[in-house]
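Okay, so here's the structure we're looking at.
Every number for a ligand or one of its atoms is a count from 1 in the order of the listing.
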Amino acid sequence: MTGFDTLAIHAGQEPDPTTGSVAVPIYQTSTYKQDGVGGLRGGYEYSRSANPTRTALEEALAALEHGARGLAFASGLAAEDTLLRAVCRPGDHVILPGDAYGGTYRLVARVLADWGLEYTAVPLGDLDAVRAAIRPSTRVVWCETPTNPLLAIADIAGLATIAHAADALLVVDNTFASPYLQQPIALGADVVVHSTTKYLGGHSDVVGGALIAADAELGEQLGFHQNAMGAVAGPFDAWLVLRGIKTLGVRMDRHCANAERIVEFLVAHPAVSQVLYPGLPEHPGHEIAARQMSGFGGMVSVRLRGGEETALKLCGLVSVFTLGESLGGVESLIEHPGRMTHASVAGSPLEVPNDLVRLSVGIENVEDLLADLASALA
Ligand code: PLP
């Protein structure tokens, strides 16, 4: 069993041993009967430590990312917090992408900085700048590729070489690409991070996060912190993500195909000054993206000639696209990062342009999506 779509449907998801249930049951329980003290049936004792529905998801995640251990959390940020506290000590240093997801930046700059974590934000497309930012105390190089919301591309293999030469870990937030389009561990990453809220869940009905460790020892350390810190995914949320994962491949194919048609339309539109999409040959990261991704994804950002006013107007006039935060669901979403998802980085070096609109292209009929954008931009 090695094909991606086969793993997505079967890894960790054997029919239930007691009933034969093909769908993994939602084990909505906090505790498990013991046969005498310490006599665990199947290894489960308390659902913060482990729960069979979560175990199924964790095994599926590890299989899809080709890691040694998967761990499921209550949100992407819970996963990030657990990871950074597990592998860093106060006084350690982290390199962040120059346009990291705003929530990641806020976690490091406003929460973990108080705990003693130091950071430098660097444009990861510039490997010399990353090399120059390394300190003896650098413990993590944090990579997001493509980035949210500017869709910048970083060279995962190049960053792995730099991080490992400095005895640091390379962490890759693979939320935008999903394991279907990009396999960071095969390119040298030590840990993959996901907001499973996005493409893995895929239906805008769950908030969750994941860590996948490349090697078992690091996986063990992260597992200890998952239990010790307790920000685990509940059984129903784990089940929703697991169900979403089964159709990840077919959804991603459609997300990519629809995004490509939309990019073609936007590039030619007079109201648009720039389309940010790694599939465009003029995108500065295009060559690297073509090398390390098997498709360019469903996220598209555009800058509008009319500035913020036109950007906000577009967000208000669409009707098939839904104005809302988040991404990666079957329905198309539109948002203004400057005022919405990235408002937390306003005034920081990570501030995003106010003429920027981000599209999460869904899997609806693409003609309806094109007509919607055409009428909103008219
Ligand atoms: N990483 C990326 C790239 C994201 O876009 C997000 C959320 O938007 C997160 C991490 C955080 O995930 P969550 O919202 O599930 O905590």
for atom 9 (C) of ligand 1, nearest protein heavy atom and its distance come out as Tyr101 CE2, 3.4 Å
So if I count the atoms of ligand 1 from 1 in the order they appear, which ones are less than 4.0 Å from some heavy atom of Gly208?
15 (O)
Any N or O of Thr197 that comes nearer than 3.5 Å to an N or O of ligand 1?
yes
Identify the residue among Leu211, Leu159, Val191 that makes a side-chain contact (heavy atoms from CB on, under 4.5 Å) with Val171.
Val191
Taking both backbone and side-chain atoms of Asn148, is any N or O found less than 3.5 Å from an N or O belonging to ligand 1?
yes
Any idea which heavy atoms bring Arg48 and Val232 closest together, and the distance?
O-CG1, 3.4 Å
Counting from 1 in the order shown, the ligand 1 atoms closer than 4.0 Å to a non-hydrogen atom of Ser75 are 15 (O), 16 (O)
Under the criterion side chain to side chain contact (heavy atoms under 4.5 Å, CB included), I'd like the reasoning laid out for Val87 against Asp190: C-alpha separation, chi angles, the key distance, then a yes or no.
CA-CA 11 Å; Val87 301; Asp190 300 290; over 6 Å; no
Tell me whether Glu80 reaches ligand 1 (any heavy atom closer than 4.0 angstrom to a ligand atom).
yes
Test: Asp128 and Arg131 ion pair at under 4.0 Å
yes
Just distances here: any N/O of Phe176 and N/O of ligand 1 closer than 3.5 Å?
no
Close approach of Ala78 to ligand 1, heavy atoms, under 4.0 angstrom:
no
side-chain hydrogen bond (donor to acceptor under 3.5 Å, both in side chains) contacts touching residues 269-280 (sequence neighbours left out):
none
Pair listing, ring-ring contact (aromatic ring centres under 6.0 Å, His included) test, anchored in residues 289-318, at least two apart
His286-Phe296
List ligand 1 atoms under 4.0 Å from Asp173, heavy atoms only on the residue side.
1 (N), 2 (C), 3 (C), 10 (C)
Kindly indicate, with the supporting measurements, whether the criterion side chain to side chain contact (heavy atoms under 4.5 Å, CB included) is fulfilled by Val122 and Asp126.
CA-CA 8 Å; Val122 182; Asp126 180 352; 5.8 Å; no
Any atom of ligand 1 sitting under 4.0 Å from a heavy atom of Lys198?
yes
Has ligand 1 got any nitrogen or oxygen that is less than 3.5 angstrom from a nitrogen or oxygen of Gly76?
yes
Short side-chain donor-acceptor distance under 3.5 Å, Glu144 and Thr104:
no
